[in-house]
Number of protein chains: 2
Amino acid sequence: MIRSAAPCEVASPTVEVEERIGRASATLTPAERRVAEVVLEKPQLVAFGTVAELAEASGSGAATVVRLASKLGYDGFTGLQTSVQHALARQLRPAAERIREPAASDAIGRHLDLELDNVATTLRALDDGALTDLVQHLAAPTSRVFVLSGDASLGVARQFVAELHVLRDDVSLIDGNDVAVRRAVSLMRPTDVLVAIDLRRYDRWVIDTAREAQTHGVWCTAITDSLLSPLAAVAEHTFTVAAAGGGPFDSHVGTLALANVIVAALADRLRAEATDRLDRAEAAWRKGDALTDR
Amino acid sequence: MIRSAAPCEVASPTVEVEERIGRASATLTPAERRVAEVVLEKPQLVAFGTVAELAEASGSGAATVVRLASKLGYDGFTGLQTSVQHALARQLRPAAERIREPAASDAIGRHLDLELDNVATTLRALDDGALTDLVQHLAAPTSRVFVLSGDASLGVARQFVAELHVLRDDVSLIDGNDVAVRRAVSLMRPTDVLVAIDLRRYDRWVIDTAREAQTHGVWCTAITDSLLSPLAAVAEHTFTVAAAGGGPFDSHVGTLALANVIVAALADRLRAEATDRLDRAEAAWRKGDALTDR
DNA sequence: GGACGGATGGAATGTCTGTTCCACATTGTA
DNA sequence: TACAATGTGGAACAGACATTCCATCCGTCC
C-alpha cells in the first residue's frame with residue numbers, strides 16, 4: 001500500500017525548527033534539552049519573547065539558550081526567533097495570500113479558495129452582540145428600514161432588501177438620481193434605521209448620503225471593508241466583509257453571506273409576523289399558480 | 001426563549017486593536033490612518049516587526065507610528081505590539097481548541113458551515129468545459145445577452161447583469177410585467193444568449209419565458225438547483241448550485257460565487273475590450289470625482 | 001583523592017530599538 | 001499674501017536586548 005506522503009502541509013507551528021531539534025537531539029546537553037522542550041511546546045514564547053524569558057521558562061541561563069540556537073545551526077537566538085516567526089506567520093496567513101504561492105493551479109480552484117476565505121473571514125469576524133443589536137433595530141415595528149449601497153454591490157443590496165421586505169414592511173433601497181436620493185433622506189426620521197453597504201473606492205454619494213442621514217438622527221449600520229471606512233464613522237455598528245475577487249471585480253459573496261445571517265436572525269426574532277407574511281405570499285402564489293415544482 | 005449568551009471566544013486576529021482603531025478612526029491624521037491600515041491588514045508586521053519596519057510599510061515616520069499607538073490608548077508601540085501578539089497567539093492556539101470552530105453550535109457558526117458548503121459544492125460541481133463554452137458564447141460580439149431570474153434570486157441576477165455589462169454591451173435583465181417580458185422575448189434572435197437562473201419552487205413565468213426563448217432559437221444556459229429542473233430541459237448547459245439556507249430563504253451565496261467565476265472567465269477572454277471599457281469608466285469617475293478612498 | 005574537561009549561569013558589552021524632542025512642511029484662515 | 005495651527009519625519013537619547021566572556025560547578029578518569 002502506498003500511503004500518501006503526509007498531504008497535510010499545515011503541520012505544526014515550527015516544522016523547520018522541529019526538524020533541526022530532532023537532528024541535533026543526540027548531542028544536546030541536559031540544560032539545552034530543557035530549552036528545546038520549551039521551544040517545541042511554546043513556540044509563541046520564542047516568537048514573541050526574549051532570551052531571558054525563554055531561559056527562565058526552561059530553568060536555565062541566557063547563555064544556554066543562545067548556545068542551543070547556535071548548535072541548531074541558527075545565527076544566534078535571533079535566527080531561531082526569525083525562523084519560528086516565519087513558521088507562525090505562515091500558519092495564520094489569511095489564505096487569500098496563501099493561494100498565490102502555488103502558482104495558481106486551476107482557475108476554478110483558485111476561485112473556490114478565494115470565496116471560501118471570503119465567507120469564513122466575514123462570518124468569523126461577525127460580532128454576535130452587534131448582530132443582535134442590529135436585528136433588534138430591524139425588528140422594531142415603528143422603524144422604517146433603508147438600505148443604501150454603492151454601485152458595485154447594488155445587486156446584493158437589492159437581494160438583501162427583497163428578503164427583508166418579505167419579513168417586514170417599510171423596507172426600501174435608496175436609489176435613483178441625486179434629486180430622488182436627497183428627497184428620500186430629507187424625509188427620514190430619528191426612528192428610522194439605515195444599513196449602508198459600500199467597499200473601498202467608496203461612492204462619494206453613498207458616503208454623503210449616509211452622513212446626511214446620520215444628522216437626521218437615523219440609526220446607522222455599516223457593511224464595509226474596513227473599520228477605517230468613512231461609513232464606519234457614521235455607524236453605530238460596523239460589519240467588515242472580506243471581498244477578495246479572482247476577476248476584475250470585488251467578490252460580494254462574503255457580503256451576501258452576512259446578509260443571509262442578518263435576514264435569518266431577523267426572521268427568527270419576527271417569527272410570528274414573518275411566518276404570517278410568508279403564508280400570505282404563499283397563498284397568493286398558489287391562487288395564481290405562480291410557482292411550480294417542475 | 002433565552003438565547004445562549006454566545007461566549008464565542010474565537011474572534012478575529014486582532015479584535016481588541018480593531019475596536020480601538022474603529023473608535024479612534026475619526027480623530028486620526030492622514031499619516032496615522034496609513035499606519036492603521038497596515039496594522040489591520042498585516043498584524044504580523046506589528047507582532048513580529050519593529051517601529052521602523054511598520055513606518056516604512058506605511059510610508060511614514062517612526063514617530064507617527066508611536067503617536068498612533070499612544071492615540072489608541074496603548075502605552076507606546078510596545079503596548080500595541082503586546083496586544084497584537086496576544087491576539088495572534090490566541091488565534092493560532094493549536095488545533096485542540098480550534099476544532100470547535102467548524103463544529104459550531106451557535107447560529108453564526110451554523111451559517112458559516114452552510115455557506116461554506118454551498119460555495120464548495122457549487123464550484124466543485126462546475127464543469128470546466130461547460131464554463132468555457134458559456135464564456136465563448138458570452139464573448140461573441142454579435143450576440144446579445146439576456147439574463148432571466150426567478151424572484152427569489154433577482155438581486156443576485158442583477159449583480160450578475162451589472163458586472164457583465166461592465167465587460168460588454170447588450171446585456172440586459174428580463175424583468176417587468178407580463179407584457180414587457182413577452183415583448184422582450186418576441187424580439188429575441190437566434191444569435192442571442194440567455195442565462196436563466198431559478199431554483200426549486202420555480203417561477204412559472206421564468207420557465208415559460210425560457211421555453212419561449214428556446215423556440216426562437218436562443219442559446220440557453222441554466223443556473224438551477226438540479227439537472228431535473230425544467231430549466232435544464234431547455235438549456236445547452238446546466239450549472240447546478242447548492243443553496244441550503246439557515247433562515248427561511250434559500251442562500252444564493254453559491255449562485256453568486258458561480259456568477260463571479262463566469263464573470264472572471266469572461267473578463268479574461270475579453271481582456272482587451274474589457275480593460276478598455278473599465279478604463280473609460282474609471283476616467284469618467286475620476287472626472288466627476290465620484291469615488292473616494294476615504 | 002586530585003586533576004581535567006565539559007557544562008552552566010552570571011556579568012560585561014555593544015548593538016538595536018522605542019521614545020522624545022524639535023525643526024520643517026502643510027494646511028486652513030484672516 | 002501672511003500668519004497661525006497642526007501634522008510630520010529626522011535625530012538624539014535612554015533603555016532593553018542578544019551576545020560573549022569567564023568564573024564556577026560537576027562528573028569523570030587517571
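Throughout, a chain's letter reflects where its sequence line sits, starting with A, and its residues are numbered from 1.
With sequence neighbours left out, F48(A) forms a ring-ring contact (aromatic ring centres under 6.0 Å, His included) with F48(B). Among residues two or more places apart in sequence or in another chain, the side chain to side chain contact (heavy atoms under 4.5 Å, CB included) test is passed with R67(A) by E32(A), A63(A), T64(A). Remark: D133(A) pairs with H237(A) by the side-chain hydrogen bond (donor to acceptor under 3.5 Å, both in side chains) rule, at least two apart or across chains. By the side chain to side chain contact (heavy atoms under 4.5 Å, CB included) test, R204(A) pairs with D208(A), D289(B), T292(B), sequence neighbours left out. Applying the side chain to side chain contact (heavy atoms under 4.5 Å, CB included) criterion to T215(A), with sequence neighbours excluded, gives E212(A).
Atom CD in E56(A) sits about 16 Å away from atom C1' in dC17(D), given to the nearest Å. Rounded to whole Å, the distance from CG on L28(B) to P on dT8(D) is 10 Å. For the pair Q81(B) CD and dC17(D) C1', the interatomic distance rounds to 13 Å; values are reported in whole Å. One interatomic measurement links the two molecules: CG of L54(B) to C1' of dT17(C), which rounds to 14 Å at whole-angstrom precision. Taking atom CZ on F77(A) and atom P on dG14(C), their separation rounds to 22 Å, with Å as the unit. With rounding to whole Å, D75(B) atom CG is found 14 Å from dG18(C) atom P.
The closest side-chain donor-acceptor pair between D192(A) and S143(A), if any, does not fall under 3.5 angstrom.
Note on T50(A): every side-chain N or O is 4.0 Å or more away from OP1 and OP2 of dA16(D).
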Expected rows: protein N/O vs nucleotides 4-9 of chain C N/O, under 3.5 Å:
unit_1 : atom_1 : unit_2 : atom_2 : d
dT8(C) : OP1    : A31(A) : N      : 2.9
dT8(C) : OP2    : T29(A) : OG1    : 2.3
dG9(C) : OP2    : G61(A) : N      : 3.0
dG9(C) : OP2    : T64(A) : OG1    : 3.0
dG9(C) : N7     : R67(A) : NH2    : 3.4

